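Notes to accompany the following structure.
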Amino acid sequence: PADIRDAAQARDRSAPAPVTDVARLCVCDLLVAQCDVNCCCDPDCSAEDFSLFTTCSVPVVTGDSRLCSQKAAVYSLDVEANPPERIFKLIDQVNPSIFCIHATNYKQALYLKTPEIPTPENFDQLLDKFGGATFSAEPDSWNLDTDAQNPPDANETSRYEYGVPVQTEDAFLRLPSPVVSSWCSDANPAAFLVNQATKCIRSVSVEKCDSIQALSMLFYINSSILAVPKSSQMVNITVKSIVVQSLNGMRTLLSSSDVLRLPMVLDELCINAVLGVNYHITHTDTGEIIEAAAAFVLGAISKETLSIEQSFKISFTQENTQPVPLSGNPGYVVGLPVRAGFQPQGYPFPAAFLSNKHSQLTILHSTSTQDCLAAQGARAPVLFGYNMISGCKLRITAAMKCQPLAQTLLDVLKGQSFPEYVASFGNSQAQDVLDWVPITQLHISEQMISHTLQSSCQIPVSLGIEVKWTKYGSLVNPQARIVNVTATITTTTLKQLPSGRERIIPITSSVVFTDISSPAEPSYKAWPTIDIKLPFDFFYPFV
Amino acid sequence: LSSLPLQILLYVNGVYYIFYFLATLAMIIYKSQVFSYPDNLLAPDLAVLFLMAILEVPRLYLGFKGNLTEAEAPLGLSLGLTVGSVVLCVYLLLWQTYVLWADVLLNAVLLSAYGLESGLKVTAIAAFVS
């Protein structure tokens, strides 16, 4: 009796039968018990409502038009009559094609599939399949001890590959990041060789300061990283540095980073809460992790704060290498700094170029004071493709001597170490001498037409760097290549001022990028030639 | 004497059957692409079509042989095979998953050919026996 009742209940709980009578189907009938405007098939409309319509939004209701003959309900408005009335006709629509469907013996052929109705028997299976935020084909298995995964091949998983999640003792190295909203999700794994930087918001409260795991340093360093996937060799995460940020935003670097500082409540503040983690992983060239370091930023949370923003960063370096950030591969990418360098002594012997942060191509950075002599040293890197102009104002008094002034202005315009060579490609190696373009230096002096002698002093007033670049490579993926760099210094004569007077002259520096690529010439394959040779005895009887 | 109308009909049946087989196969392929045709319904339809093709060859051969040699045994066997072909033809006419109008036409023509053939075969057998 119990199972008979269950079966009857299961049958009752099936989906409602679909409506197939075209006379009763109405797609535009959206309002219940109210007349929809211009909906001629709406049963809630009366004759007066029909007389106010202008047109019928749904003129025909039919079933599948591929059937040979089917019923169709045709609705139209007779505007000639006074008042206008709705005409409803039920006609037989015939499909004249020879491939029209005469009959089907398959009930669901022309209808949508009815979904499975949940019953106590299949509820668990339906929940597994459709219960999550996303429907996925395979189950989400981040644990290392699943039997669903294929047994690993000894050769394949003896190293990390690009994009593979970095594994730790329990699950994986976490890099919390915003998933759908800005709230932090701890389920984002860090992928090998993928440098990432994420920022997300976490909800906090001072009372639960020491119980929220994500605020404590231990959460980020306690599980050691596996050197290779699925191995037993561990790499501990060392704490490289700790920076403490006070409530007003000032950051101090702590001298000793050995002590683990855990969050605790002090004077209604929660101190030592993690505000940012910067992971730095060193690996070998065979995909094995040998070192892992983390730099923390700890801060304090006050009682009123309900949420804090945490930032996380991870970067990978190969052992025994100095990473040089590329500005493109191979062509320059717009927005990345132009790489420049010096040729060390040893000319004319081709030597490698020195290229480091101190020898970047930079221009003067305008400051708020706009005084050339006051704000010395503020420079901005030249980014490829971005034309820049900057300047400052120079106040000349009578007491200033020309020569030192000229030297100071030259320093202001060119910077402390103005490079001699610029990399032609974004990934030019220091050893390839031919990939570097020398900077041509020009001097232009604004001479007055009055024949002032050259002996009077000249001070530089503007520096213009013109970078000529061209498109190089294939037509569909052109790469930017720097061909020529010219630095032009314009000087002007410094007229001697009467004592007590002072003059203000503007000093400018600019960078201009010019595209000198010649128009591309597509090259075509040669026309195929017809190569016919008659056999030598083709004209047999006659030759 | 061999029955001339039966011979003509058997010959025309052979030619028509080739056209019928190719057209029905092409339409089944068309239906499987355009409509929702699950594999468990496609398999029986294709099986019936190929079975009918396999039956048709001995059927026509026996019909030719029986009529030309004026022997009633092959003709009788051919008649028996015709019954099987008729059943399969009726399946394709009525109980296929999708019956298109073209299907109806092809199968109706084939069915009428079978009916006419059966009648002529019976007459021929009666003539040969007596």
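Everything numeric here is computed off the predicted structure, so don't read it as measured data.
Using a distance-only test at 3.5 Å, with no hydrogens or angles considered, no donor-acceptor pair links the side chain of A:Asn105 to the main chain of B:Tyr98.
Only the side chain of A:Cys68 comes within contact range of chain B, judged by heavy atoms closer than 4.5 Å. Proximity to chain A (any heavy atom under 4.5 Å) is restricted, for B:Leu94, to the backbone atoms N, CA, C and O.
Atom CZ of A:Phe88 has more than 12 heavy atoms from other residues, nucleotides or ligands within 6.0 Å. Dense packing is recorded around CG of B:Asn40, with more than 12 heavy atoms of other residues, nucleotides or ligands lying under 6.0 Å away. For B:Tyr114, the OH atom sits in a packed shell: over 12 heavy atoms of surrounding residues, nucleotides or ligands are nearer than 6.0 Å. Dense packing is recorded around CG of A:Leu534, with more than 12 heavy atoms of other residues, nucleotides or ligands lying under 6.0 Å away.
Atom-to-atom distance recorded for B:Met27:CE and A:Phe99:CZ is 6.5 Å, nearest 0.5 angstrom. The CD1 atom of A:Ile98 lies 7.5 Å from the CG atom of B:Leu106; values are rounded to the nearest 0.5 Å. Here the straight-line distance linking atom CH2 of B:Trp101 with atom CD1 of A:Ile101 works out to 14.5 Å at 0.5 Å rounding.
In terms of the ring-ring contact (aromatic ring centres under 6.0 Å, His included) criterion, A:Phe123 has no residue partners (sequence neighbours excluded).
Contact of the A:Thr104 side chain with the B:Gln96 side chain is not registered, since no non-hydrogen atoms from C-beta on lie closer than 4.5 Å.
Closest non-hydrogen pair, A:Tyr106 versus B:Ser36, comes out as CE2-O, 3.4 Å.
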